[in-house]
Amino acid sequence: MMAKIRRKSTKDSLRTLMDLISEEATRLGAAAGDNRWPIPLSPVAREAGVAALIFEPLFSTAGLEDLGNSYVIWINADAQQADAFPTGKRIPLDGVAWVALKSHLRLIVAHEIAHALFINEARRQQRPPPAVDGELEMACYDIARLILLPTQLMMSILTGNIFQLDTIADAILTAQVSADVFLRRLKMSDMSSIAGNGSGVLALVRKTERGLSVIDNHAWGTQAVVRFGAHSKGATDEKKSQLLTIWGITDKGGLWEEAKSEVELDITSGSSSVVLPCRICVRRLHNSPQTFLMSIHILALPKRLFS
Amino acid sequence: MRDVQLEDKLAMSSTKGANNTKSLKLGLATDQMLSDTDRLKRYRCAIDLQDSKRGTCRIEALNDIFRLLDLRHEIHEKAVTHRVVQAANAMMSRSLMLIGDVKPSIPEIIRLGADDHALAGEDQFLDQLLMKCPASGANEKLAGARLAARHLLLKLSDRRVYRPLMIIPGDRLAATFIDGTSRHTDNVSEWENGLRLFAALVDCAMYSPFLLYVSSCVEALLRGSFEQDTALSAYSKRIAEESTDSEAVSDAMKVIPGRVIIWTTPYKQLHKDPALVVQLGAAIGRIDEMSADSHGGDPSIRFARHQVAQSIANADSKYATLWKLYVFISDGLYYTGTYRRIAQHLNDESEETRSADHSKRLRQAIDLFVMALDVVWKDWTYISGQRELTSESLKERLEKPMAAALFQALVSKWIAQYEFHTRRSELEAANVLSDSTEAARAQLARSVMVLSTVEIDRFVHDQCSFDGNCRDIRYKSAKNISASNWARLATDGSPEVRRILSFLNSLGYSPQLADGFKLTTTELTDFVEGYTNSADTRSKCDDITSNSPTSHKLAALGMFCRSNLPQLETPLVAGSADVAIGQAPATINDWQHYLTEKASKMPTHVQARFKTERGAVIECITNISRDLWPELHKDMNTRFLNETRLCNNGVTALQIVDVVTRWARRHSPNGDQA
């Protein structure tokens, strides 16, 4: 019982910190980016007290060294996209190499900056820093996404255009983030109104051994949430590979063959007699493995066949 | 001579001068070479040493003048330059430096215009200063400095002044450092310029960052932040490296220690020339310049001039020894320290050598200061020897803080010189230098010459309450915490007190320890203060249990004696020394021990997870060829060491498996098939 109570209070304290740091991260990201993508990370790092990046062999992907009055972000020299930086390479805040960080490393760095922000805030409140566990890690990833994709910028560019794949693909490219990070950012609560009155789903689809698999997706509007969202929550790999069929989307019209394709069709599923008039757009993002961004925009209310 | 003197001095009204006693006579000096405007109203009083009635010199008047000078010297010697007064001055000065730019203004201090201005005394002054440095603050860096200032002011108000670590009288300093200018002369007046310059160098803005850094390093050594002088040397070498982060160097240049103070008074403040204007025979001038020509003329005047010369030489020698350079330290730094006592218990070390070890550290501190002063002196000698620099540009240099590059160069030279001196002393002690040249021996003898007049063994102490050497009344009179009080505090104390007691229990301390070591109430208060004021300390202490590894316990204990020196990044080739040490595991059992040992250095949550997942790592290693184990061991050593430096370390066994698998793929002759 005691353990349960303690865990609850730790969660609460993390949530309180999270609220404060979310605001701070959004502010830092927006200030550093000056309303433009990509958000330069070195000014954010400076504000968080980070003095440098260093590439060294580690077991984990990255970590934060606390030097008392500053931090150093350690990145595993074997990490993905780290091969451009030799082992032992140290990048001070004013180093040009900050600009050369690719999307994956940018996420890692932003994540470590989030750790620094948590520690700073805890110190400011004269509390011990939050325990390093899964929850803190998830919170840091959320903060990292807030830094890389600040709310104001996202809203100004994407409001009303969320099913326009050209706009989305441009945003992913210029923001120098991965599609996965972008999609997860869209799931955060401050993005709930980004689709306006529109209803539909945005999904990341990858060609795997099992066939086309929906890696991640997010739905807006009641119709879309009921029709697409309900099937995807907590889906296993096998379920993910069946999602397109469940959604009633086949490769009709050669959707996945072209780099860019668009089709309007009425979606039905299984034996259901309800159809949804939708516009489906697909954009190929990567060739190896083949990865697609897909939007399904519901054009009208569902109608019954044979009515 | 008369004319020059008159031009130099302030004019005095002739009517005022004429009203003086019988022995004073108005000396009116005119100069045909002066312009009419200049000549008109230039009058000065001069003491007439000539008895015109009897045609002799008034020797008794001359003696009176030098007796007055003697009295002034006596006041300086017994009051102004007394070491306790100087220690209080030094503490007040340092506290103001630590308070920084929030010092109260002069009107605030003297309360000019306020109804209660008459109450503006010492108590109110200290009270105003204390209000500027509260016990806690939002900015940890600033709060640290102001907390140090607060401690100093509270000690001052309790009259618990610092103790001298070094007192170097002017004559010893001159003989050691300034011999290049004085050529070993015994004529103290020849040292004067050198001592004046030395005092200015110690007090100037240019060398201030370096001397404050040296003081901080010594403070860290005596507190236990540096376990030994070798750690201090290694740290300073890193600071001096060109590749060191400029921010760290800049921070190192800003450190202000609260417990170690290098202190001196400006030489000129003490050594005032006896510049009374006298008339001797036909000559009128300053008495200290009368001695210049003691040949020829009336025998009585010749004798008087000779006497003046002797008396001034006597005064010079007195003042030369009156001026001193001090290094003051908190009485707590003469104490071997609670930290060391508990650490020693944790390390199962003998306590016999504890005082001796601390005496050794204090001697090392003295050597470090001597080397620092030597470095400053030599650096200035080099700078001032550059012909293109005018006296104006030299003055300008002294008034500005030095550049970071020069700071690093001085630190590098200081440590190199200290290490050389230490090594030579060791070799000399071992009689290895039997073949050294006479010049080298003389050099060594000079460098190790005992400069200070302080007998440090009279101050060093191991236990606050019993040892007579403890001079701090707060600790001297503090009571030991008995077992019953300990038990009472453990149940009824404040949460912080209970936490500290539990932390100390985890370290193995209890009031019933066989070695008789008992914490005093004051020491416990210090622990609680350290715990309350620092979130880091709280966090580290709260993680400690009696099962925690000793290294973690020592690290948590070390938080209570952290220095204010900037923390440096780890070496780029991390842990290369560690990697070189230790045999590669030869059996799977060895690997299991190895992983257990490495995991013990990780945070507790990592350890707990690792216990259950370690099997996967072992299984992975089993599949790797034994020939590759030494190489794998080396790689893993580096990674483990790097991981321990991360504050958000969350390494999992699965990550290790992943790394090991990829490593094996890279190194196996069969590539991905391995």
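Just so we're on the same page: letters track the sequence lines, and every chain starts at 1.
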Ignoring hydrogens and angles, tell me if any N or O in the side chain of B/Glu643 forms a donor-acceptor pair with the backbone of A/Leu58 under 3.5 Å. no
Heavy-atom cut-off 4.5 Å, strictly under: side chain, backbone, both or neither for A/Pro57 against chain B? both
If I measure from the heavy atoms of chain A, does B/Asn648 come under 4.5 Å with its side chain, its backbone, both, or neither? both
Specify whether A/Tyr141 and A/His111 have parallel, tilted or perpendicular ring planes, treating 30° as the upper limit for parallel and 60° as the lower limit for perpendicular. tilted
Distance-only, no hydrogens or angles: does the A/Arg123 side chain make a donor-acceptor pair with backbone N or O of A/Phe118 under 3.5 Å? no
Geometric class of the B/Trp663/B/His667 ring pair [parallel <30°, tilted 30-60°, perpendicular >60°]: parallel
Among the options A/Asp66, A/Asp78, A/Ile119, A/Thr87, pick out the one with the most heavy-atom pairs lying under 4.5 Å from chain B. A/Asp78
Going by atom types only, do A/Asn76 and A/Thr61 share a side-chain donor-acceptor pair under 3.5 Å? no
Heavy-atom distance under 4.5 Å to chain B: side chain of A/Leu136, backbone, both or neither? neither
Need one label for A/Glu112: side chain, backbone, both or neither, based on atoms under 4.5 Å from any heavy atom in chain B. side chain
